[in-house]
Amino acid sequence: MTDDQDEDRADALFHALADRTRRDILRRVLAGEHSVSALAASYDMSFAAVQKHVAVLQGAGLVTKRRSGRESLTSGDVQAVRSVAAMLTELEAVWRGRIARIDELIATDPSIERND
């Protein structure tokens, strides 16, 4: 995957996770497979609105859907969730590195008064 593809994937993942209903749907389907109808019954919104939320999650690769007779069953993709966690861990490492660098600069700057 190129850097642009990685960034596009990150955008899709974080866009999908930016909505509380989608996060709730993801929690439900990570716990076990659900039909879209069963998911829709859990929310005060139309079936079509829940379908759209599931489609966004599916587009981001966070859920998969399969047909079982007339039902569309949705499950969470644990590996995709782990990739989100890995991205956040990487961002945290960058942040911690910058904080450590600031601490080093402060420690070596004689013009900064310290109250140790």
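Annotation: E104, atom CD; neighbour count of heavy atoms from other residues, nucleotides and ligands within 6.0 Å is above 12.
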Between L26 and V81, is a side chain to side chain contact (heavy atoms under 4.5 Å, CB included) present by the stated rule, with each step listed?
CA-CA 9 Å; L26 181 60; V81 173; 4.2 Å; yes
Residue pair L62, L17: steps toward the side chain to side chain contact (heavy atoms under 4.5 Å, CB included) verdict:
CA-CA 9 Å; L62 290 164; L17 294 170; 3.9 Å; yes
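Closest heavy-atom contact between D77 and L30: N-CD2, 4.1 Å. Pairing each heavy atom of Q58 with each of V63, the nearest pair is N-CG2, 3.5 Å. L73 approaches S68 most closely through the heavy-atom pair CD1-CB, 3.6 Å. In this structure, R9 and A60 approach most closely via the heavy-atom pair NH1-O, 2.5 Å. The two residues S83 and L13 make their nearest non-hydrogen contact at OG-CD1, 3.9 Å.
One finds the NE2 atom of H34 at 9.5 Å from the OG1 atom of T74 (value rounded to the nearest 0.5 Å). Atom OG1 in T21 sits 10.5 Å away from atom CG in D44 (nearest 0.5 Å). Within the model, atoms CD of E33 and CZ of R28 stand 15.5 Å from one another, a figure rounded to the nearest 0.5 Å. Atom-to-atom distance recorded for H53:NE2 and I25:CD1 is 6.0 Å, nearest 0.5 angstrom. The structure places CG of L57 at 8.5 Å from CG of D19, a figure rounded to the nearest 0.5 Å. Summarising the geometry, atom NZ belonging to K52 is positioned 7.5 Å from atom OG belonging to S46; distances are rounded to the nearest 0.5 Å.
Grouping Ile, Leu, Val, Met, Phe, Trp and Tyr residues whose side-chain heavy atoms lie under 4.5 Å apart, directly or via other members, leaves V56 alone, with no other cluster members.
Side chain of R66 to backbone of S75: no donor-acceptor contact under 3.5 angstrom is found.
For R20, the side chain to side chain contact (heavy atoms under 4.5 Å, CB included) partners are R23, not counting sequence neighbours.
Looking at S72 and Q51, their side chains never come closer than 4.5 Å, going by heavy atoms from C-beta outward.
Hydrophobic clustering, with ILVMFWY side chains joined whenever heavy atoms are under 4.5 angstrom apart, keeps L105 apart from I99. Note: the hydrophobic cluster containing F14 does not contain W95 (ILVMFWY, side chain heavy atoms under 4.5 Å, direct or indirect links).
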